[in-house]
Amino acid sequence: MNSPSTAAVQTARRIAVSFVATVSAVGVTASFASAEPVAAPNTEAGRHAAQAPRATRGIPFTQATVTRQQDGSFTVSWKAPGAGSVTVYADGKVVAYGGAEATITVRRLPAADRQWFRLVPDEGDPLTLADRSLHLEGAANFRDAGGYRTADGRWVKMGVLYRADALHQLTDADLAKLRRLGIRTDFDLRTPGERAKAPDRVPAGARYVVANVIGEENSAELPPAAEASERLMAESYRQFIVRPSAAKAYRSLFRMAAEPGSYPLVYHCSSGKDRTGWATAVLLTALGVDRETVMRDYLASNDYLAASNAAELAKQPPGIAARLKPVLETRAPYLNAAFDEIEARFGTFGAYLREGLGLNGQELERLRAALLTD
């Protein structure tokens with residue numbers, strides 16, 4: 001086997017610094033074939049999209065998602081036990097009907113920066129959702145942090161907080177979209193060195209805030225084996241709990257997230273998977289989202305970053321690619337390492353919020369009041 005070239009090794013080391021050093025510190029659904037947009041049956045039904053009936057039992061949906069497909073259509077799925085039927089609205093019109101559990105396809109909607117769907121059950125409160133991704137050209141992992149159900153039956157609001165990868169490659173079209181969506185705050189979790197090498201392109205009028213999670217600048221060699229890369233990544237996640245700089249940065253982010261005047265707010269690091277991934281895991285857990293859902297959101301970075309990760313790995317000799325792959329990916333043991341560190345140091349997640357991050361009860365209540373549906 002030929003030895004890797006000096007250039008290849010240098011490239012791998014550069015990637016390692018970029019990706020490792022920045023985080024290291026030593027049922028069955030009822031299927032509808034298609035649902036084309038149709039006009040609301042009458043004017044009152046049209047108004048239904050803006051003001052749905054209220055019921056004392058709250059939002060009946062236990063699961064619901066919206067996904068934009070490559071052909072421009074949207075797949076809308078839901079489960080609403082106890083509801084007899086669900087009417088789906090978009091752009092003030094009825095676009096589909098379904099039972100208590102369904103998956104439907106909606107086509108031929110007018111172009112929009114973000115298409116919102118309002119799911120209105122015959123009993124209970126409605127739910128408004130959109131596709132989680134903003135489909136930006138220059139930030140593949142820019143997505144909504146909301147749209148998840150909590151243990152008490154509420155939902156994390158969408159269109160309020162966004163998680164993202166680096167913003168230095170945003171196109172002019174991306175910036176125009178973010179401006180139209182009203183992005184008000186850009187919260188940068190990277191180090192000074194990262195910010196200098198790849199400064200954010202900030203939407204016009206948005207406030208730019210920095211909060212360095214890692215603290216001092218780091219440099220690191222790519223570990224000698226894939227297993228060592230995995231251990232390094234797990235240790236880096238434990239340091240999110242240990243480092244004072246991390247506690248300070250996340251405390252600042254969550255306090256700002258509790259202030260509606262900062263919305264919509266985007267927070268990000270370089271790839272949007274590690275520092276940003278932990279921030280999102282803490283946020284969703286604090287709001288009452290279950291661990292399985294939190295993990296699913298965390299691991300979704302692998303899907304959003306699949307193309308860029310594959311391109312990076314393809315540049316490397318097989319041996320280096322194998323060592324680099326654990327660094328580029330999100331993996332369950334990494335996130336679990338951070339939660340395990342919380343248990344070891346604080347005993348409970350609530351104690352971590354109070355003692356580790358210094359968030360008091362009033363701040364946490366403001367966070368929940370601001371980000372959860374009524």
Side-chain angles (χ1 to χ4, degrees), residues 27-41 45-55 57-136 142-150 153-163 177 181 284 289-290 292-293 296-297 300 303-304 372-373:
V28 180
T29 60
S31 177
F32 285 38
S34 176
E36 305 292 353
V38 295
R47 289 193 298 270
H48 201 180
Q51 185 173 359
R54 303 288 291 180
R57 66 186 186 90
I59 297 173
F61 297 94
T62 58
Q63 295 181 22
T65 59
V66 172
T67 306
R68 195 184 84 176
Q69 307 299 334
Q70 290 186 344
D71 64 0
S73 66
F74 291 86
T75 300
V76 186
S77 299
W78 68 84
K79 291 183 180 180
S85 63
V86 174
T87 305
V88 182
Y89 293 85
D91 293 320
K93 297 179 179 179
V94 176
V95 295
Y97 302 94
E101 181 176 338
T103 296
I104 57 95
T105 298
V106 181
R107 297 186 174 91
R108 299 178 184 175
L109 291 176
D113 288 324
R114 200 168 187 208
Q115 184 62 61
W116 291 91
F117 293 83
R118 191 165 178 83
L119 282 60
V120 182
D122 58 347
E123 292 186 47
D125 292 340
L127 180 64
T128 301
L129 298 173
D131 181 21
R132 187 160 280 109
S133 175
L134 264 63
H135 301 280
L136 300 180
F142 196 122
R143 51 192 167 109
D144 205 306
Y148 295 116
R149 186 178 185 269
T150 65
R154 292 185 287 178
W155 284 72
V156 183
K157 296 176 183 177
M158 299 192 80
V160 177
L161 292 182
Y162 297 94
R163 51 172 300 171
K177 177 186 282 191
L181 291 174
L284 294 178
V289 177
D290 66 272
E292 181 180 353
T293 302
R296 187 167 64 247
D297 177 85
D303 298 323
Y304 291 102
L372 295 177
T373 56

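As a basis for the values below, the full set of heavy atoms in this structure was taken, side chains included, without hydrogen atoms, waters or symmetry mates.
Shown here are the side-chain contact (heavy atoms from CB on, under 4.5 Å) partners of Thr150, two or more places apart in sequence or in another chain: Asp152, Arg154, Val156, Val289, Leu372. With sequence neighbours left out, the side-chain contact (heavy atoms from CB on, under 4.5 Å) criterion links Asp290 to Glu292, Thr293. Remark: Ser73 engages Gln69, Asp71, Thr105, Arg107 in a side-chain contact (heavy atoms from CB on, under 4.5 Å) (not counting sequence neighbours).
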task: Given side chain to side chain contact (heavy atoms under 4.5 Å, CB included), test Leu181 with Leu134 step by step and report yes or no.
output: CA-CA 10 Å; Leu181 291 174; Leu134 264 63; 3.6 Å; yes

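Taking every heavy atom of both residues into account, Gln115 and Asp91 meet most closely at OE1-OD2, 3.5 Å. Nearest heavy-atom pair across Leu284 and Ala145 is CD2-O, 3.5 Å. The shortest non-hydrogen separation linking Pro121 to Pro126 is CD-CA, 3.8 Å. Taking all atoms of both residues into account, the shortest heavy-atom contact from Gly82 to Glu123 is O-OE2, 4.4 Å. Of all heavy-atom pairs between Ala130 and Met158, the closest is O-CE, 3.4 Å.
In this structure, Leu119 CG and Ile59 CD1 are separated by 10.5 Å, a value rounded to the nearest 0.5 Å. With rounding to the nearest 0.5 angstrom, the CG atom of Asp125 is 8.5 Å from the OG1 atom of Thr373. Atom OH of Tyr148 sits about 6.5 Å away from atom CZ of Arg296, to the nearest 0.5 Å. Annotation: the span from Leu109 atom CG to Phe74 atom CZ amounts to 6.0 Å, rounded to 0.5 Å. Taking CG of Leu127 as the start and CZ of Phe117 as the end, the distance is 12.5 Å to the nearest 0.5 Å.
Looking at Tyr304 and Ser133, their side chains come closer than 4.5 Å, going by heavy atoms from C-beta outward. Between His135 and Arg68 the shortest side-chain heavy-atom distance falls below 4.5 Å.
Here the side chain of Trp155 pairs no donor or acceptor atom with the backbone of Leu129 at under 3.5 angstrom. Side-chain N or O atoms of Trp78 include one that pairs as donor or acceptor with a backbone N or O of Gly99 at under 3.5 Å. Although no hydrogens or angles enter the test, the distance criterion places a donor-acceptor pair under 3.5 Å between the side chain of Arg149 and the main chain of Phe61.
Applying the side chain to side chain donor-acceptor pair (under 3.5 Å) test between Asp144 and each of Lys157, Arg132, Arg163, Arg114 identifies Arg114 as the sole match.
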